[in-house]
Amino acid sequence: MFNIGQVHLENSFTIVEPNLSLLHIKNKLLEFDFVVVSGRTYFTIAKSEFNFIALDEDSLPIMKWLEKVNWHPSTVSTTVELSTSKTDWRRPVLIMDNSKEEIIGIVTANQWFQHLDRENKKLSAYFYTLAETINDAVSAVDQEGTVICWNSVAERTYKIKRENILGQKIGEHFKAESVILHNILNEGRTVRGAYHRPNNDTHVLINASPIIKDNTIIGGIAIERDITGFVRLNEELDSSLPSLIDQEKPFDSIIGVSSEIQQALQIAQKVASADIPVLLTGEPGSGKEMLAQAIHYGGSKNTGPLVSVNCSTIPSGLLEAELFGYQEGVFTSEKKTGQAGKIEQARNGTLFIEEIDKMPLDIQEKFLNYLEHQSFYRVGGTELITAHTRVIASTSQPLEAMTKEGEFNETLYYRLTVINIDIPPLRKRTEDIMKLVQQFVQEFSSKYKKPIPEINPRVITMLMNYDWPGNVRELRNIVERFIILNDENMITLKHLPKYIIDTFSEKNSNLSVQNEAIVKELTPIKDEVLMIEDALRKTYGNKSAAAKLLGISRGTLYNKIKEYGLN
């Protein structure tokens, strides 16, 4: 990861034969910083060692003198081998160029020490700059658990100043068994996306790894992302989830006359009271959440809570704690009161798991175990908790293909697909579009306290011929948009988003025969409502008389009254 800099090589040297006299060596030392005596081994004499030679006769052969004083030979090495334990630093080391098979320089022990000191400071500067650049808390400990790095984000996250923790055992500030770095030092395993709650006010996700040198753990480093804001936002969203259906008549709230949606509703009504998992499939925005609510409120669990969790919006490390809860005492020294997860919160009710295809495989395994035994352990807990909960899951992905690719637990897949209800996309049930538009117009006119507007036939034509990639959710948003923007009593093309008009133009305005027939049969919503209200007013609420006045059957009038909420 880091490239160590080049060590400085001394190149003021000469290589001499072993039969030269001391006088010759003395003269060479006046010219060079080092003299290297060659032979079966190499001996290096530095200029600073000149006085040692001066003590003997000038005529004495250098090799004789070296043997006499027991001069230690020099190691021959390459620059790559310098840092190995085989290098003998008692004498200057000769650096060999293997490609040329010649000595190219000399490194002394002092030079090597200075080089290592410079590189250590450089690496430390890189490391600490990196630690401060990361927007997460970074902490590192040595093999004894002593803190050697604590960045400014860690200071803010844990309210502990750097000077108050560096050099101290991390267990002095946190409960030892709760510190993931302790587990890393003991077990040597990496941790990815682990949920951690160091205190009541802080939630973090941890990535941690052991630092290994020569197959020995010499420390550990952890990066902890503060997700407290995310957790609080998720809790706020959970507490404010809207009810999309009429809880008294849940299945009546789902509009659909197409055979596909009617079949889906029939299956949903049959299984609503059966205490078995249900899998809802369909494109995003097709109405899976709405159908899940209908199954809950239309079934045997309707007196219990309806709790939802979206696997695609919660980090995998937090998802386990969200589902199964956690034991607070595991993370702090406080009493082990614990925090209930979604499964416990949904006890004797329904748990709706959105986008279950995004659930990590390890959590799938734990969730499957819960489905089979209706019991589980909280994160960090040792007490087996039992909670009978009805499970409804949804996905917009092909789980069967994911199972074959090993991306989804096979046993969990078969457990969920005993009852699989597929919701067709809106583009395949265009006959439902106007029914939905009518429902949403009434809903948002009431919400924003506006009169029910008429809809220009050209607007209806474009709505009928749009593919609705966002399905019912997109249609609902479009209707809410034009109710908000409309200040008149007519919805026209100017109230539609430009992309819908452009898409219609690209199709050359070709209407299908089916859509033309539907458009021709439409009566502006406001007119029909006003006619019914007028007839009821003239007949003083007598529905039979009002039906005769309108020229429709009494049954049709009852259906219209129910449809428009005129009770």
Side-chain angles (χ1 to χ4, degrees), residues 237-238 240-247 250-272 274 276-299 301-302 305-314 319 322-323 342 346 349-359 364 367 371 389-402 408 412-413 415-429 432-433 435-436 439-440 443 467-478:
L237 291 174
D238 281 348
S240 61
L241 283 175
S243 178
L244 302 175
I245 53 112
D246 179 355
Q247 297 181 16
F251 289 102
D252 291 347
S253 301
I254 300 176
I255 301 298
V257 297
S258 65
S259 58
E260 294 90 345
I261 196 69
Q262 283 298 314
Q263 183 181 13
L265 287 173
Q266 288 172 10
I267 297 173
Q269 287 176 295
K270 288 180 180 178
V271 302
I276 56 175
V278 176
L279 179 66
L280 306 180
T281 56
E283 295 180 3
S286 57
K288 297 186 290 293
E289 182 179 1
M290 195 172 185
L291 187 56
Q293 290 187 11
I295 292 173
H296 170 73
Y297 291 112
K301 299 287 187 180
N302 59 0
L306 171 61
V307 179
S308 69
V309 59
N310 193 320
C311 299
S312 67
T313 62
I314 300 176
L319 183 57
E322 278 285 299
L323 278 172
K342 299 293 187 182
T350 300
L351 175 64
F352 177 42
I353 303 179
E354 298 182 73
E355 305 298 338
I356 195 170
D357 53 282
K358 300 297 192 302
M359 182 183 289
Q364 289 179 31
F367 184 67
L371 287 179
T389 303
R390 203 271 178 74
V391 172
I392 302 175
S394 75
T395 178
S396 56
Q397 300 300 315
L399 284 191
E400 184 177 6
M402 291 181 66
F408 196 84
L412 178 59
Y413 168 73
R415 186 68 186 254
L416 292 174
T417 53
V418 173
I419 300 296
N420 182 185
I421 304 176
D422 185 63
I423 304 176
L426 189 55
R427 64 181 173 275
K428 291 186 178 180
R429 50 187 183 105
D432 293 336
I433 291 176
K435 290 285 187 182
L436 290 166
Q439 181 188 43
F440 296 148
E443 175 187 345
D467 282 341
W468 300 107
N471 291 292
V472 178
R473 183 186 297 138
E474 184 182 8
L475 175 60
R476 188 173 188 271
N477 292 340
I478 294 298

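Atoms OG and CD, on S259 and Q266 in that order, are 10.0 Å from each other to the nearest 0.5 Å. In this structure, CZ in F352 is found 15.5 Å from OG1 in T389, a value given to the nearest 0.5 Å. Atom-to-atom distance recorded for D467:CG and E474:CD is 10.0 Å, nearest 0.5 angstrom. Here the NZ atom belonging to K435 is positioned 7.5 Å from the CD1 atom belonging to I255, to the nearest 0.5 angstrom.
Within the 4.5 Å cutoff, side-chain heavy atoms of L279 are placed close to those of L399. Between M359 and F367, the closest side-chain pair of non-hydrogen atoms falls below 4.5 Å. At least one side-chain heavy atom of Y297 sits under 4.5 Å from a side-chain heavy atom of L306. The shortest distance between side-chain heavy atoms of R390 and I295 falls below 4.5 Å. Looking only at side-chain heavy atoms (C-beta outward), P250 and Q293 stay at 4.5 Å or farther from each other. Considering only heavy atoms from C-beta on, E289 comes within 4.5 Å of E354 through its side chain. Annotation: side chain of V472 is in contact with side chain of L436 (closest heavy-atom distance under 4.5 Å). Residues F408 and L416 are in side-chain contact: their nearest non-hydrogen atoms beyond the backbone lie under 4.5 Å apart.
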Apply the test side-chain contact (heavy atoms from CB on, under 4.5 Å) to residues I478 and W468: give CA-CA distance (whole Å), side-chain angles for both, the deciding distance (0.1 Å), then the verdict. CA-CA 10 Å; I478 294 298; W468 300 107; 3.8 Å; yes
List the steps and the verdict of side-chain contact (heavy atoms from CB on, under 4.5 Å) for L265 and Q262. CA-CA 5 Å; L265 287 173; Q262 283 298 314; 4.2 Å; yes
Please test L323 against L351 for side-chain contact (heavy atoms from CB on, under 4.5 Å), starting from the C-alpha separation and ending with a verdict. CA-CA 10 Å; L323 278 172; L351 175 64; 4.2 Å; yes
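What you find for L319 and V309 is that their closest heavy atoms are CD1-CG2, 4.0 Å. Summarising the geometry of S286 relative to G282, their closest heavy-atom pair is OG-C, 3.7 Å, with the distance given to 0.1 Å. Of all heavy-atom pairs between R415 and L371, the closest is NH2-O, 3.1 Å. Shown here for C311 and E355, the closest heavy-atom pair between the two residues is CB-O, 3.2 Å. Nearest heavy-atom pair across A268 and F251 is CB-CE2, 3.7 Å. Scanning all heavy atoms of the two residues, the minimum distance from G298 to A272 falls at O-CB, 3.6 Å.
With respect to the salt-bridge test (charged N to carboxylate O, under 4.0 angstrom), the residues E283 and R427 qualify.
Side-chain atoms of R429 do not come within 3.5 Å of backbone N or O of I261 as any donor-acceptor pair. Between the side chain of K288 and the backbone N or O of I423, no donor-acceptor pair lies under 3.5 Å. Here the side chain of N471 pairs no donor or acceptor atom with the backbone of R473 at under 3.5 angstrom.
Heavy atoms from other residues, nucleotides or ligands lying under 6.0 Å from CD of Q263 number 12 at most.
The side-chain contact (heavy atoms from CB on, under 4.5 Å) with I392 is formed by just one residue from the set I356, T350, I419; it is T350. The residue from D422, I421, D357 that alone fulfils the side-chain contact (heavy atoms from CB on, under 4.5 Å) condition with T281 is D422.
Each salt bridge (charged side-chain N to carboxylate O under 4.0 Å, His left out) pair with one or both residues in residues 253-267, not counting sequence neighbours, would appear here, but there are none.
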